K.L.:
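Quick one: this structure, given as structure tokens, is what I'll be asking you about.
Letters A, B, ... mirror the listed sequences (proteins, then strands); counts begin at 1. Keep in mind it's a predicted model, so treat the numbers as computed, not measured.
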There are 2 protein chains.
Amino acid sequence: MANIRDVADSAGVSVATVSRTLQQPERVSPKTRNKVMAAVQAVGYKPNLMAVKFRSGKTHNLVVLVPTVANVFFARVISGMQEAAAELGYSILLANTLGNSEIESHYAKMVSTSQADGLIQLRAHNPFDATMINDNGLLPMVNACEVIDDGQYPVVSLDNRAAAKAMTEHLISLGHTRIAMIKGPNSSPLTQERLVGYKDALAQANIAFDESLLFPGDFTLQAGYNAGETISHLESRPTAVFCENDETAIGAMQAFKQANLHVPNDISVAGFDDIAFSAFVDPPLTTIAQPAEEFGRTAVTLLVDLLNGKIRKAPKVIMPFELIVRESTGKALG
Amino acid sequence: MANIRDVADSAGVSVATVSRTLQQPERVSPKTRNKVMAAVQAVGYKPNLMAVKFRSGKTHNLVVLVPTVANVFFARVISGMQEAAAELGYSILLANTLGNSEIESHYAKMVSTSQADGLIQLRAHNPFDATMINDNGLLPMVNACEVIDDGQYPVVSLDNRAAAKAMTEHLISLGHTRIAMIKGPNSSPLTQERLVGYKDALAQANIAFDESLLFPGDFTLQAGYNAGETISHLESRPTAVFCENDETAIGAMQAFKQANLHVPNDISVAGFDDIAFSAFVDPPLTTIAQPAEEFGRTAVTLLVDLLNGKIRKAPKVIMPFELIVRESTGKALG
DNA sequence: GTGAAAGCGCTAACAT
DNA sequence: ATGTTAGCGCTTTCAC
């Protein structure tokens, strides 16, 4: 592989001039600039960016920790990140962590070992341990989607409480009073916040909160199906089910159908996220739309600002949500 | 940040000894080894891996070109890649190319500029252009899932022809003779091969091939819906539809339902890929299961072998498929 | 405007 | 078993 010295020799200039021509062309006379460019072509020079990154101390790599890329919502977030990163001249190092702290730790180490400039975490968990903390204390990280809101790191999140309240209000406005909730893992702050929003709406409508209407889940189709089956066989069945994501809702709907329950006549079902599939299931799913791609774009932009020292203290960005009413929710009958 | 020299000074040894202790501990006496490890702790040393990669000429990064991470099947492939890469000590640089040659080219350049050791392409398109070819000619690449089979690069694929034939035979065995096909983009070799398999099965059963039974698509839910709508309104409707992926099939089923067509009584629907959603739609989808994660693992393993010179000429790996019969396909009625 | 030269942090001969 | 030393390819003062 031709290196910068070969170009210099071929052009009859010094390596410094070649470097300048490539980095700050305006500081080189047009004449030598042409000579250099010709030499670059002639020897087929391609800069060794590993050397550049090493020398400059900037890798222009960003590590992204995703609980699972197989989640359609995260896939959209990642798309947004890719776009923003490309525009800003950064590359994304994607880590599929499966929520495993060890895997997270492994990738987080890339920041402390100068392989990446910063990190984006999509889970409410600090991936850095004591050995990774650098001299200044905090490593550059942005926390998005599911966040730890302790003011240490910039955060991009949804007002999950308000969104859950909006959905619950929608259900209540249709006459439902026994509204079940299929939840995410209790370890997830998302779940906590949404539960509060759900209770807010109940309280506002003077409906007593009933703990027995809460069902466990983990954001998967299967978990939704399992909860749906349980709910189908309940003696005093709720008339509506609010699921914490669309996969869960789709799984639950499937269970209801197999139990010969009609959605929404026998039971209304609502989801969260508005993934593409939700518009194409039968009946189309009522859900909360989140600007997934925007989440990604914002997280990257924030991280790059952080790296460039353009941010004083950890900002907190709240993204907007939208209630999407489709046909899986209807009036409470009977 | 403490560097290797600081550790050496602190331990009272040379930098070479520190390097050896970290890379090949067996070549250092236990006594100095302990001294060095203590010093590493004391000064909080974290090796600058950018320097290591630069110096060693091996980045241990692999670029992966994915048409879209939002595709559930690719998400599974990526999961498999992550796993294998982690085991082999490599990191994945994921590029969401949206099938755009310029974006592909941008990321492919990472290989020729020493930012990554090799590349995995999931689309039938050579991402390298003339400026990227290195002295030896070919850059290290493995082509998986949708492949260009010209013998230049290692390939991991499915026997799409046989799989499509198997599915068509299944439909024929149920008594169907008018079997429509909702296709992928014509530019995709996948589509060509599957069409051949479909024709194979028809010919074998002495059913005339009818070009008017072919409908365009692009692997999305929406395309499936559109084709499904068209098919619903046909005067002489096919009794079965073979879709080139599950998203397309799910979109089509939705259109059939809205046209009051019952699946499978009025029309059978089959997909391809066996994504998670397919078992949770109504009715559950008959499809072809592909070992997605294995695709990813195999591609990574092959690429690493290639990088280590363990491969002479481009191997061709054919992954197994499995026909999954669920309830979306049934006997041809009437 | 251009060149000479010093290193970034590390590995790998080569010596001892 | 350990130390010395020469770079890897590039950027960046500091001279001229």
K.L.:
In whole angstroms, how far is the P atom of dC8(C) from the CZ atom of Phe54(A)?
P.N.:
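Going from Phe54(A) (CZ) to dC8(C) (P), I get 8 Å.
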
K.L.:
Got a donor-acceptor contact below 3.5 angstrom from the Thr17(B) side chain to the Val13(B) backbone?
P.N.:
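Here the side-chain-to-backbone pair does not exist.
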
K.L.:
Using atom NZ of Lys58(B) as one end and atom P of dC8(D) as the other, report the distance to the nearest whole Å.
P.N.:
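Checked: the NZ to P distance equals 17 Å.
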
K.L.:
When you get a sec, tell me which of dG9(C), dG3(D), dT2(C) is the closest nucleotide to the side chain of Ala51(B)?
P.N.:
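Per side-chain heavy atoms of Ala51(B), the pick is dG9(C).
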
K.L.:
Mind calculating the distance between CZ (Arg27(A)) and C1' (dG3(C)) to the nearest angstrom?
P.N.:
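Those two atoms, CZ and C1', are 12 Å apart.
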
K.L.:
Using atom CG of Leu49(A) as one end and atom P of dC10(D) as the other, report the distance to the nearest whole Å.
P.N.:
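Spelled out: CG on Leu49(A) to P on dC10(D) is 9 Å.
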
K.L.:
Return the value, rounded to whole Å, for the distance between atom CD of Gln24(B) and atom P of dA1(D).
P.N.:
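Atom-to-atom, Gln24(B) to dA1(D), this comes out as 12 Å.
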
K.L.:
For Asn34(A) and dT2(C), what is the distance between atoms CG and P respectively, to the nearest whole Å?
P.N.:
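The distance from CG of Asn34(A) to P of dT2(C) comes to 11 Å, rounded to the nearest Å.
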
K.L.:
If only side-chain N and O atoms of Asn3(B) are considered, is one of them under 4.0 Å from the OP1 or OP2 phosphate oxygen of dG9(C)?
P.N.:
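Indeed, a polar side-chain atom of Asn3(B) lies that close.
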
K.L.:
Relative to the 5' end of DNA chain D, which residue comes earlier, Arg55(B) or Ala16(A), by the nucleotide with the nearest heavy atom?
P.N.:
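Looking at DNA chain D, the more 5' nearest nucleotide goes with Arg55(B).
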
K.L.:
With a cut-off of less than 4.0 Å, is there a side-chain N or O of Ser56(B) near OP1 or OP2 of dT11(C)?
P.N.:
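Checking dT11(C) against Ser56(B), no side-chain N or O comes under 4.0 Å of OP1 or OP2.
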
K.L.:
Could you check whether Ser114(B) gets within reach of a base, just the sugar-phosphate, or nothing at all, counting any heavy atom under 4.0 Å?
P.N.:
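Nothing, no nucleic acid heavy atom in range.
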
K.L.:
DNA chain D: Gln23(A) or Thr32(B), which has the more 5' nearest nucleotide?
P.N.:
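Of the two residues, Thr32(B) wins.
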
K.L.:
Is the shortest side-chain N/O distance from Ser19(A) to OP1 or OP2 of dT12(D) below 4.0 Å?
P.N.:
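The answer is no; no side-chain N or O of Ser19(A) sits under 4.0 Å from OP1 or OP2.
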
K.L.:
Would you call the rings of His60(A) and Tyr90(A) parallel, tilted or perpendicular, where under 30° means parallel and over 60° means perpendicular?
P.N.:
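The rings of His60(A) and Tyr90(A) lie parallel, inter-plane angle below 30°.
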
K.L.:
Looking only at side-chain atoms of Val52(B), point me to the closest of dT11(C), dC10(D), dG3(C).
P.N.:
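Output: dT11(C).
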
K.L.:
In whole angstrom, give the distance that lies between atom CG of Leu22(B) and atom C1' of dC10(C).
P.N.:
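So the two atoms are 11 Å apart, to the nearest Å.
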
K.L.:
Flag the pair Gln290(B) / Cys145(B) as yes when at least one side-chain heavy-atom distance between them is below 4.5 Å, and no otherwise.
P.N.:
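Contact flag for Gln290(B)/Cys145(B) side chains = no.
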
K.L.:
Ignoring hydrogens and angles, tell me if any N or O in the side chain of Asn143(B) forms a donor-acceptor pair with the backbone of Ile148(B) under 3.5 Å.
P.N.:
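Yes, Asn143(B) side chain to Ile148(B) backbone: donor-acceptor pair under 3.5 Å.
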
K.L.:
Using a cut-off of 4.0 Å on non-hydrogen atoms, how would the nucleic acid contact of Thr17(B) be classed: base, sugar-phosphate, or nothing?
P.N.:
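Sugar-phosphate only.
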
K.L.:
Below 3.5 Å, does any donor atom in the side chain of Arg20(A) face an acceptor in the base of dG3(C), or the other way round?
P.N.:
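Side chain to base: pair found, below 3.5 Å.
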
K.L.:
Across the strands shown, which category fits Ser29(A) at heavy-atom distances under 4.0 angstrom: base, sugar-phosphate, nothing?
P.N.:
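Result for Ser29(A) = sugar-phosphate.
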
K.L.:
Using whole Å, report how far NZ of Lys35(B) lies from P of dA1(D).
P.N.:
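About 14 Å, once rounded to whole Å.
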
K.L.:
Do you know the tightest heavy-atom contact between Met110(B) and Leu93(B)?
P.N.:
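Heavy-atom minimum between the residues: CE-CD1, 4.0 Å.
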
